2 protein chains.
Amino acid sequence: MTARVTLSDVAREAGVSLATASRAINGSANRTVRPELRARVLTAAARLRYTPDATAQAMARGRTTSVGLVVHDVTDPSCAALVAGVVGVADASDLQVTLACAQHEAAREIELVRVLQRQRARAVVVAGPRHDDDVADDLLRQALADYVAAGGAAVVVGTAGLGVDAVVVDDVGGADALAHALHALGYRQPAVLGGPRTHLASQTRRDAFSRAFGALGCPVDPAHVVLGDLTHEGGATAMRELLARRRPVDVVLAVDDVLALGALAAARALGVRVPQDVALTGFDDVLTLRDVVPQLTTVRVPHGDVGRCAALLALDERPRTGARVLTVDTEVLLRASTPDRSGRAVA
Amino acid sequence: MTARVTLSDVAREAGVSLATASRAINGSANRTVRPELRARVLTAAARLRYTPDATAQAMARGRTTSVGLVVHDVTDPSCAALVAGVVGVADASDLQVTLACAQHEAAREIELVRVLQRQRARAVVVAGPRHDDDVADDLLRQALADYVAAGGAAVVVGTAGLGVDAVVVDDVGGADALAHALHALGYRQPAVLGGPRTHLASQTRRDAFSRAFGALGCPVDPAHVVLGDLTHEGGATAMRELLARRRPVDVVLAVDDVLALGALAAARALGVRVPQDVALTGFDDVLTLRDVVPQLTTVRVPHGDVGRCAALLALDERPRTGARVLTVDTEVLLRASTPDRSGRAVA
DNA sequence: TTGTAAGCGTTATCAG
DNA sequence: CTGATAACGCTTACAA
């Protein structure tokens, strides 16, 4: 039944030495095996249904063919896109991806890096959303340093400064461009729906919105900024809160699409029309939202590319010169949720 | 730099034998190591920043700690949910998931099973959508048989009959229940939007819809069945095709939510109101669609549970008694896209 | 309780 | 071009 066939078996069957069998089967560096012998080995291998043992190869070669990927929650569409990106470049290089989900627990994330180090993954991509948490960061930095010291390549997505290569999204550029675009459309009274206080991308986007509008002569009233969870319900709650404050707002900028969707639902439930009564924007450009009515103005973040870049960076064998940082660009997508209001705005 | 610390180093540092170090660190079967020594070993390990080498352990123990998962496309929400389910049970058992994406290519799927066999993954879950393709099935069956013969545990999601354990979704039950529910609501003239001809789940759902309605005295006119791609655009195209046929239809059953969404968009674009002019249903209950207006009646498929069941089945060590089949139930969710029409239906 | 030593399946070094 | 044989890092009988 579980008759494990090894390379020795193949060698014996083919009447050659173990070494020759090995060379014939994987055609290593010096692919010097007489064709006739090679054929005999291959035949024997086929006859015996031989399957190379990757763990043994990894041991002998001193390196595995797997790359680790730490995320928080695959069911999040942005995360899924990133995972797909990483898997794509990995299997273009004949590498396997070991996927680990930290479920939004910083400690788990760090532990997973250690687990992947034990697995001797040749590279690790840590791609969960980053938080403003110095102690967790220190721990993660240490774990990554250990991993790199042990010979692995590590890449963090979302923030530089963790001591290893990083891929960051140009959230500032995107938020800034969005603010300018909205201003050009005639919007003058922005409000911001943000995520949790520590959530880095959320912070960045929030701040960039505010700064940009401020620079355009529309300082964002602190009462126009509402934080909440980065969920549908969080967006709804924040929107209700904002509306309850009864401030003069002509556009609501949510720091991500899911939040925006929740906000939309809440507004609708309260009889506030989007975009007639208030315009709305998201961030990320989640594909599954394309049929939302009205279509959501947003900032596209190419999460698939982020994953691909991270993987490429991680797998780049060239001698490393300090921690590299790759920035992925974003793009403003103006849609129906923010119609041109410049006619009206002549005030 | 890459100063690989091995267990021997730890042993030497602690002044004990390799065996003792091993026992102290992993507390194997007979955890018989004097506390004092154990402490010394642990201290040494910590001082040296020792990390066990999982590949070496796998070799020595003869089994890895990884489970393989073959899917087609993680960016598909249903797939992502399933992946999350598998990852969840895997890391509850301290196992790692190796994720492989076959991108809807049957050949790739088979190859990935072989790759996972080389990795010596202790279990493999094949979870891409199944197709009605005998030759591909035979190849897959063979690959799985080889894998199992080599000592692995395999589970296929979506269809039994591939020679290994399976988890199947009760599509028939769901479709049937949906048909009955719609009939009870007064719908009498159903149309069906299907996926590609070979797509198994799509076939199953389509046939079950038709059969159920037929049994209820509303045979489904073949002209009311339109096939297409299982995509948003596919749904739109199929819907346009259906509408062009100008048949008397009071409800359109799409075989999945994405398709339904495309159908909705197409209908709307043509001025056909849902649900006033025609009702619409989906299948799967994709979470990201919760804000679609009108809310979509659908059949919930708990993809996360499917993943969990598959993983549990795959990791179940108990002696196997033939190929087991687990069925996961579905649930009809009636929502706004199929209002009660029984008042009108008195004809 | 601890140590010795034999694997685990490959690769790779180094002679023939 | 081919064949012994020593690693690779760990676990686990088997001894002591």
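Predicted, not measured: the structure shown is a model, and the values here were computed from it. Labels below follow one simple rule: chain letters A, B, ... track the order of the sequence lines, proteins then strands, and each chain is numbered from 1.
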Can A:Asp9 and A:Arg4 be counted as an ion pair, charged N to O under 4.0 angstrom? no

Which nucleotide in the set C:dT2, C:dT10, D:dG9 lies at the smallest distance from any side-chain heavy atom of B:Arg34? C:dT2

Separation of A:Leu7 atom CG from D:dT2 atom P, in whole Å? 15 Å

Phosphate oxygens OP1/OP2 of C:dT11: is one of them under 4.0 Å from a side-chain N or O of A:Asn26? yes

If you compare all heavy atoms of B:Gly15 against all heavy atoms of B:Arg40, which two are closest, and at what distance to 0.1 Å? O-NH2, 3.5 Å

Whole-Å distance between D:dT12 P and B:Leu18 CG? 12 Å

Given the options B:Val164, B:Val113, B:Val70, B:Leu140 meets side-chain contact (heavy atoms from CB on, under 4.5 Å) only with B:Val113

For B:Arg23 and D:dC14, give me the distance from atom CZ to atom C1', rounded to whole Å. 11 Å

Looking at B:Cys101, B:Cys79, B:Pro129, which one forms a side-chain contact (heavy atoms from CB on, under 4.5 Å) with B:His72? B:Pro129

Decide yes or no on salt bridge (Lys or Arg N to Asp or Glu O under 4.0 Å) for A:Arg63 and A:Glu317, but give the supporting numbers first. CA-CA 13 Å; A:Arg63 71 181 342 204; A:Glu317 306 266 279; 3.5 Å; yes

Using only side-chain N and O atoms of B:Ser17, determine if any of them is under 4.0 Å from OP1 or OP2 of C:dT2. no

What integer distance in Å separates B:Asp9:CG from D:dC8:C1'? 13 Å

Which of these passes side-chain contact (heavy atoms from CB on, under 4.5 Å) with A:Val156: A:Asp165, A:Val125, A:Leu144? A:Leu144

Could a donor-acceptor pair under 3.5 angstrom be found where the side chain of B:Arg120 meets the base of C:dG9? no

The helix from C:dT1-D:dA16 to C:dG16-D:dC1: angle between terminal helix axes, five bp per end, to the nearest 10 degrees, reads 40°

Within residues 52-62 of chain B, residues whose heavy atoms come under 4.0 Å of DNA chain C: B:Met59, B:Ala60

C:dT10 phosphate, OP1 or OP2, under 4.0 Å from A:Ser22 side-chain N/O: no

Establish, from distance only, whether the side-chain atoms of B:Thr65 and B:Gln96 form a donor-acceptor pair under 3.5 Å. yes

Using atom CZ of A:Arg63 as one end and atom P of D:dA7 as the other, report the distance to the nearest whole Å. 22 Å

CZ of B:Arg118 versus C1' of C:dG9: gap in Å, rounded? 14 Å

Reckon B:Leu37 touches a base, only the sugar-phosphate, or nothing at all at heavy-atom distances under 4.0 Å? sugar-phosphate

Under a 4.0 Å N-O cut-off, is there an ion pair linking B:Arg114 with B:Glu109? no

Is the closest side-chain donor-acceptor distance between B:Asp146 and B:Gln142 under 3.5 Å? yes

